Visitor: 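Shown below is the structure under consideration.
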Amino acid sequence: MSAAKPRSDVPHLAVTDLVAGYVPDVPILRGASLRVDDGEIVAVLGPNGAGKSTLVKAVAGLVPARSGDILVHGASILGLATHKLVGTGVAYVPQVGNVFTRLSVEENLELGGLGGPPSRTRQRIAGMYALFPDLARFRRLAAGRLSGGQRQMVAVARALMAEPHLLMLDEPSAGLSPRMVELVFQKLLEIRAVGVSILLVEQNAKAALAICDRGYVLAEGRERFEGSGRDLLASPEIGALYLGATTRLAS
Amino acid sequence: MIQVLADGVVAASFIVLGVVGLSMIYNILNFPSFAQGDHIATGAYIALGIVALAGTAGSIAGLSFGWPLIGALICATILNGLLALLIDRSIYRQLRLRNASRISLIMASFGVALMLRNLIVLLAGHDPQYYAFAIQPALSIGGARITPNDLLAVIVTTMMVVALHLFLSRTTLGKSMRAVSENPSLARVNGIDVDRVIRWTWLIGAGLAAIAGVLLGLSVQVNPSMGFELLLPMFAAMIVGGVTSVYGAVLGALLIGVAEAITVHYIAPEYRQAVAFLVVILVLLARPQGILGEKA
Ligand SMILES: Nc1ncnc2c1ncn2[C@@H]1O[C@H](COP(=O)(O)OP(=O)(O)O)[C@@H](O)[C@H]1O
Ligand SMILES: [Mg+2]
């Protein structure tokens, strides 16, 4: 079911001058642009309400784009029905409500692998249990009964079931303990190591910048800074102006 | 007492078959369809039309009808599903595309209810009708007397509930339905075609309603308001069982059916629905989210 492996010189995802919002005439994104290249982890940072979630929702087709373009592997996906996104090789883990709480862990994974042959789905599920050993123990349990960290793992595993080339994660560290955040981010590095590019939306700037290749700082619906993780970490005005976490960045 | 229980289970059968559709539509399309009762009636009348053409020759093992009625039941199930699909395409879907509010959808379902009932009157008249008149001696089972037709209703309903459970827990489409009913946008993100799930919801909901209609017609009679009269008990069953759970709705239907039978036996038939609602209120006082419902 996953799309053919794209050429590595075309960005996996390219968003250009995107204007998008929930209601007509109230744009939340006001000309946002970003790019994710093959094998990259790209962080999107910014204060609360900057439009980070709106950006990934627009890519997923959950928020209508008014102008600009969204290219996946060089082809525009504007107007694509949300349920067809996985077919382009892009998987998305929303910020909230990212698991089916009434379905078992295994059912969540099965639905993530929808459309593939059943034998492949079995194989992928086994792969997910190898990546997230905790989940195997809870396979029959309703996902709503898991802890926040375990749920986040179900959500990521569910998204990976579709064998995406690009994984979009909206604040995977929200509400997790520092130890859990470290574990989740460690998993992201493992996932990238098997060839999946990652677009990582985060509030936790320090943790995100530590693992990303490049990052964007979004504010008021546009990207205001772009740079390598190291540069953004080192830049004091970015910390002060847009991350709202000067002390965390400096420490 | 055994007899009351048996009568209650028979009464519950028709509610069960109707409420499954009501509950699925509520959870997947996010509105209570006030036309669900009339979908029961259209199913009964479609079967009646087929029987009028094909006859009900013969009698199977003590039942009041012959094999043609079984064929009519199956055809009515499919045709009633397709009718609901047509209504969805031409009415509810148009409203969904315009992001209509839930109250608009509810009002539309009132309209559909009236339209279906009047269509029936127009085509078949007000008078009660019957599928067949063959004599069926009542059976005695464990001290309760039950007609073969009513026994068939209980058996078919049980089979349908088991089939529904297997469908929801084992098949991809069934799991997709549960996914859409919990979180439609995440379902889309997962690659589930929500429109397809909605189509199947109508097919299944109205299909089961047709089975309810035919079985109720065999048990009592076929008349234009036969389904509308089941609407209140169906709503009671869905609410008492917990609106988020199809299984809850089935349990709720059993409870309402038995409560109605108790009222008919020990109090008076006129208080049937009042007592059913008393049961609803008592259960909700103890458990506001219903028997199997989830806390909001
Ligand atoms: N469903 C929605 N309907 C209308 N406005 C929304 C919705 N979700 C978010 N917004 C608004 O869009 C803006 C950006 O929100 P969001 O993209 O969630 O920000 P972030 O993820 O960066 O915190 C905020 O002003 C917020 O109020
Ligand atoms: Mg957000």
Side-chain angles (χ1 to χ4, degrees), chain A residues 1-2 22-24 56-57 59-64 80-104 106-118 121 140 142-145 154-155 158-164 167-170, chain B residues 23-24 26-28 30 93 96-101 164-201 241-251 289-296:
Chain A
M1 69 175 298
S2 79
Y22 298 88
V23 286
V56 277
K57 280 192 240 173
V59 174
L62 293 169
V63 172
L80 188 76
T82 299
H83 71 268
K84 293 186 175 151
L85 184 75
V86 283
T88 69
V90 179
Y92 162 52
V93 179
Q95 181 173 359
V96 289
N98 55 22
V99 297
F100 296 108
T101 57
R102 291 185 222 145
L103 269 56
S104 72
E106 188 138 318
E107 285 172 334
N108 270 276
L109 299 186
E110 281 171 29
L111 288 181
L114 217 66
T121 305
R140 302 256 166 263
R145 302 185 49 197
V154 174
R158 191 225 84 221
L160 288 174
M161 282 295 296
E163 306 186 57
L167 183 60
M168 302 195 295
L169 298 157
D170 196 349
Chain B
S23 167
M24 285 171 83
Y26 180 85
N27 282 297
I28 287 178
N30 209 18
R93 182 162 177 274
R96 284 198 300 277
L97 291 175
R98 290 165 179 74
N99 288 319
S101 65
L164 180 77
H165 170 68
L166 293 177
F167 168 73
L168 289 174
S169 61
R170 303 280 166 86
T171 69
T172 303
L173 181 60
K175 289 172 199 173
S176 302
M177 280 189 170
R178 287 159 60 211
V180 173
S181 75
E182 181 184 328
N183 188 338
S185 94
L186 185 63
R188 285 199 168 89
V189 165
N190 259 298
I192 294 172
D193 182 349
V194 173
D195 288 334
R196 176 167 171 268
V197 166
I198 288 175
R199 288 195 293 276
W200 278 103
T201 304
V243 287
T244 54
S245 168
V246 171
Y247 301 108
V250 171
L251 282 182
Q289 71 272 37
I291 301 171
L292 295 184
E294 289 170 5
K295 286 206 181 75

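Source: prediction; values computed, not measured.
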Visitor: Heavy-atom distance under 4.5 Å between the side chains of A/Leu111 and B/Arg178, does that happen here?
Guide: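 No, every pair of side-chain atoms sits at 4.5 Å or beyond.
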
Visitor: Distance from A/His83 atom NE2 to B/Asp195 atom CG, nearest 0.5 Å?
Guide: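 If I round to the nearest 0.5 Å, the distance is 7.5 Å.
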
Visitor: Relative to chain A, which segment of B/Thr244 carries a heavy atom at a distance below 4.5 Å: side chain, backbone, both, or neither?
Guide: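 B/Thr244 touches chain A through backbone and side-chain heavy atoms alike.
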
Visitor: Sort A/Leu85 into side chain, backbone, both or neither according to what part of it lies under 4.5 angstrom from a heavy atom of chain B.
Guide: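 Answer is neither: A/Leu85 stays 4.5 Å or more from chain B.
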
Visitor: Can you name the closest pair of heavy atoms from A/Val86 and B/Gly191 and give their distance?
Guide: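 Heavy atoms only, the tightest pair is CG2-CA, 3.8 Å.
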
Visitor: I want to check something: taking the side chain as every heavy atom from C-beta on, are B/Ser185 and A/Thr82 in contact at a cut-off of under 4.5 Å?
Guide: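 Side chain of B/Ser185 against side chain of A/Thr82, heavy atoms only: no contact under 4.5 Å found.
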
Visitor: Return the option, out of A/Val99, A/Leu62, A/Thr101, A/Asn108, with the maximum number of heavy-atom pairs under 4.5 Å with chain B.
Guide: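 Between A/Val99, A/Leu62, A/Thr101, A/Asn108, the count favours A/Thr101.
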
Visitor: So, for A/Tyr92 and B/Val189, which heavy atoms are closest and what is the spacing to 0.1 Å?
Guide: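 Taking every non-hydrogen atom into account, O-CG1, 3.4 Å.
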
Visitor: Using atom types as modelled and distance alone, determine if a side-chain donor or acceptor of B/Glu182 lies under 3.5 Å from a backbone N or O of A/Arg102.
Guide: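 Confirmed, B/Glu182 side chain pairs with A/Arg102 backbone.
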
